[in-house]
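Indexing begins at 1, ligand by ligand and atom by atom, following the structure's order.
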Amino acid sequence: MHGRYFFSEAAAILLFLGVSKPLTIAIDGWSSCGKSTLARQLASRLGYLYVDSGAMYRAITLYLLRKGVDLSDLTQVRERLKEIRLDFSYNPARGASDMILNGENVEAEIRDMKVAAHVSAVAAIPSVRELAVARQQALGKAGGVVMDGRDIGSVVFPHAELKIFMTASPEVRTQRRLAELLPKYPEITVEEVKTNLSQRDHIDSTRAVSPLIQCPDARILDNSELTIEGQLEIASGWVKSLQG
Ligand code: DC
């Protein structure tokens, strides 16, 4: 976690110089809305730590699948969670941190369709959320952090100075996800991608524990018709307005 200390120190130095107050920025929204692209770019522009909270749920899912755990057996799941250690390691080639599961870099594997098919069900298990949320709060406790996910503004950092809720039309989201998956799964169809996205939306927004909600104090960013640069400019403007 060298990256983390670097970013926190950078934010602290800026604060000392009176340049700006390190903020906590929570970015929530539907799957494949471009949350991580915005979060990564915003963090890099501000010299903040970026945390991809979804990667943690994916890594936990991968671990449970590898161990053949019956996901409906909550006692077994809880026991297995004790064996999991989650870390991030900065990867300069990506300009972001890779997910490390028990010392193994699993960044590529957690993006597999197999993980995507089960991650929403795993993320709905209370003991899984307990583990992930505690880790996320520890990572962000010094401020100067941009974290993206589904419950960052509502549960992880309810006092975040800036909350952004990202959305985009289902058609745009499907096309984005398809473009991501096609190089790896050339046979995949638009219908399969659409179905996976809508199933995940349904589970994420209807689960009993910390469902995806739009916080009343979140700023809405619909990027259906925005470029990547355009959304970054809007979010940067919000940051500036808060830094005064
Ligand atoms: O952002 P993502 O697609 O990598 O997230 C993977 C899954 O994890 C998604 O289906 C919802 C879940 N998730 C969550 O429940 N809470 C978060 N803070 C982040 C992700």
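Listed by chain and number, S53, G54, Y57, R58, V119, S120, A123, R129, G149, R150, D151, I152, R200, D204, R207 each place a non-hydrogen atom less than 4.0 angstrom from ligand 1.
Within 6.0 Å of the CD atom in E225, the count of heavy atoms belonging to other residues, nucleotides or ligands does not exceed 12.
Partners of D52 according to the salt bridge (Lys or Arg N to Asp or Glu O under 4.0 Å) rule, which considers only residues two or more places apart in sequence or in another chain, are R111.
Judged by distance alone, the side chain of R94 and the main-chain N or O of S97 form a donor-acceptor pair under 3.5 Å.
Between D112 and R58 there is no salt bridge, since none of the side-chain N atoms of the basic residue sits less than 4.0 Å from a carboxylate O of the acidic one. The pair D73-R78 does not meet the salt-bridge criterion, since no charged nitrogen lies less than 4.0 angstrom from a carboxylate oxygen.
Using a 3.5 Å distance cut-off with no hydrogens or angles, the side chains of S210 and R129 do pair a donor with an acceptor.
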